[in-house]
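Reading through the structure tokens given below for one structure.
All chains are named by letter (A, B, ...) in the order of the sequence lines, taking the proteins before the strands, and each is independently numbered beginning at 1.
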There are 2 protein chains.
Amino acid sequence: MLALCAIGIDLFVPRKTPQRDAIHQALAKAGRPLSPQEVLDLASKTTPTLGLATVYRTLGMLEEAGQVAPVDLPGEARRYELQAAADTHHHHFQCDDCGNVYDVEGCPGGIHDILPKGFSLRDHEIILYGKCAACRS
Amino acid sequence: MLALCAIGIDLFVPRKTPQRDAIHQALAKAGRPLSPQEVLDLASKTTPTLGLATVYRTLGMLEEAGQVAPVDLPGEARRYELQAAADTHHHHFQCDDCGNVYDVEGCPGGIHDILPKGFSLRDHEIILYGKCAACRS
DNA sequence: CTAGTTGCAAAGCATTTGCCTGTGG
DNA sequence: CCACAGGCAAATGCTTTGCAACTAG
């Protein structure tokens, strides 16, 4: 089986580099979805040479590899979170003050009840807005 | 009272122009949220000289005037719908096939139940994904 | 070695702005 | 008349891409 797979297959071998480590760890340490710029800011602390283009490329690569998941909010630039956080069905909360985005566990039922007649439902997204615990103090 | 208001007040007098008519009617005729480019495409049929910059400026103006409401979906460019459609609390559905966005009336309850502890809730947004009636046929 | 990576700069795109001409009232 | 509007082109701001230098394995 190994021999068969080796014939004519151009296999992709991602390398372990300090930049990728820094990006992955920035997401892990934050524990919430981050924009590419936020990732750069955090990761630059440990890897000052890091460039924004590398962050974009790496996030795209990690996304395809299934290690990070994109988080799109209305009117906001794309953020990313670790796939581990995205494994369970969840939604998001954005703070009116600091703009940070947080994961929200659980899901209210009854989504299907509001579906227009003749339409079919595949998925849904819920975004909450208000003040996060930190900004309420 | 009129006299008082006239002193030193630089009052804004929006004009009735064919461009604004065309933009407003495009939204009315579509009956669903449109992107600026979609508005241009539709409105250009009756007003060929219309430019994209004018569409952007006019939509922004109509928004401030409360005549149209912005519709932001995750990862999508901003769309606009007539304020009449936005007056009642509603959500949105985006078709997987045609990408069109439709208004969805009603709202499932229980949103507050999933709010993280220490957070306060001001508003929420729900987006449904699937196939619209037209694309299911 | 050498294919995969990176940083920088340039390219793309959607949206916004500046400026001068056109026009509704 | 003339302040408001519109059209065009230049300017933004964010994201992607091209390319030559660099490095993990």
Side-chain angles (χ1 to χ4, degrees), chain A residues 6 8-26 33-65 67-68 70-80 99 101, chain B residues 5-27 33-65 67-80 99 101:
Chain A
I9 305 295
D10 190 351
L11 83 145
F12 176 72
V13 183
R15 269 177 206 168
K16 175 172 160 52
T17 66
Q19 287 86 345
R20 290 180 188 179
D21 270 2
I23 290 172
H24 195 282
Q25 290 200 25
L34 299 179
S35 69
Q37 184 60 56
E38 286 177 306
V39 170
L40 177 64
D41 293 343
L42 283 180
S44 288
K45 293 176 182 174
T46 60
T47 311
T49 68
L50 190 60
L52 189 52
T54 299
V55 173
Y56 274 100
R57 272 188 294 230
T58 302
L59 287 173
M61 181 179 309
L62 291 175
E63 178 185 353
E64 282 191 24
Q67 293 186 38
V68 304
V71 175
D72 288 326
L73 294 199
E76 297 277 313
R78 172 167 289 187
R79 290 156 214 249
Y80 290 89
V101 175
Chain B
C5 291
I7 298 173
I9 303 293
D10 188 350
L11 84 144
F12 175 73
V13 184
R15 268 176 206 168
K16 175 170 160 51
T17 68
Q19 288 86 344
R20 289 181 188 176
D21 271 0
I23 289 172
H24 195 281
Q25 291 199 24
L27 288 171
L34 298 180
S35 67
Q37 183 61 55
E38 286 178 305
V39 170
L40 177 64
D41 293 342
L42 283 180
S44 287
K45 293 175 182 174
T46 60
T47 310
T49 67
L50 189 61
L52 190 51
T54 300
V55 174
Y56 276 101
R57 270 189 292 232
T58 303
L59 287 174
M61 179 180 309
L62 291 175
E63 179 186 350
E64 284 190 23
Q67 295 186 38
V68 305
V71 175
D72 288 326
L73 294 198
E76 297 278 312
R78 171 168 291 189
R79 288 154 215 251
Y80 291 87
V101 175

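Looking at Met61(A) and Phe12(A), their side chains come closer than 4.5 Å, going by heavy atoms from C-beta outward. Residues Leu50(A) and Ile23(A) have side chains in contact (heavy-atom distance under 4.5 Å, counting atoms from C-beta outward).
Between Leu40(A) atom CG and dT16(D) atom P the separation is 15 Å, expressed in whole Å. Summarising the geometry, the separation between CE on Met61(A) and P on dA3(C) is reported as 17 Å, rounded to the nearest angstrom. One can place CD of Glu64(B) at 14 Å from C1' of dT16(C), the figure rounded to the nearest angstrom. The nearest whole Å value for the distance from the CG atom in Leu59(B) to the P atom in dG6(D) is 11 Å. Residue Arg78(A) contributes atom CZ, which lies 13 Å from atom C1' of dT16(D) at whole-angstrom precision. Look at CG on Asp72(B): it is 17 Å from P on dA14(C), rounded to the nearest Å. With rounding to whole Å, Glu63(B) atom CD is found 14 Å from dT16(C) atom C1'. For the pair Ile23(A) CD1 and dT5(C) P, the interatomic distance rounds to 12 Å; values are reported in whole Å.
Within the structure, the salt bridge (Lys or Arg N to Asp or Glu O under 4.0 Å) test picks out the following pairs touching residues 36-54 of chain B (sequence neighbours left out): Arg32(B)-Glu38(B).
Residue contacts for Ala77(B): at a heavy-atom cut-off of 4.0 Å it reaches the sugar-phosphate backbone alone, with no base atom in range. Here Arg20(B) lies in heavy-atom contact (under 4.0 Å) with sugar-phosphate atoms only.
The side chain of Gln19(A) places an N or O atom within less than 4.0 Å of a non-bridging phosphate oxygen (OP1 or OP2) of dG7(C). Between dT5(C) and Thr54(A), no contact under 4.0 Å exists linking OP1 or OP2 to a side-chain N or O.
Note that CG of Leu52(B) and CD of Gln37(B) are 5.5 Å apart. Values are rounded to the nearest 0.5 Å. Atom CZ of Arg78(B) sits about 5.5 Å away from atom CD of Glu63(B), to the nearest 0.5 Å. One finds the CD atom of Gln19(A) at 10.0 Å from the OG1 atom of Thr46(A) (value rounded to the nearest 0.5 Å).
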Which protein N or O atoms sit under 3.5 Å from an N or O of nucleotides 22-25 of chain D?
unit_1, atom_1, unit_2, atom_2, d
dT23(D), O2, Arg15(A), NH1, 3.1

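If you check distances only, the side chain of Arg57(B) does reach the base of dG7(D) with a donor-acceptor pair under 3.5 Å.
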Next on the checklist: Using side chain to side chain contact (heavy atoms under 4.5 Å, CB included), reason through Leu27(B) and Leu59(B) one step at a time and then give a plain yes or no.
Outcome noted: CA-CA 10 Å; Leu27(B) 288 171; Leu59(B) 287 174; 4.0 Å; yes
Item to check | Canonical and wobble pairing (Watson-Crick, G-U, under 3.5 Å) of DNA chain D, dot-bracket with | | outcome: |||||||||||||||||||||||||
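When each of Val13(A) and Leu52(A) is assigned the nucleotide of DNA chain C bearing its nearest heavy atom, the one mapping closer to the 5' terminus is Val13(A).
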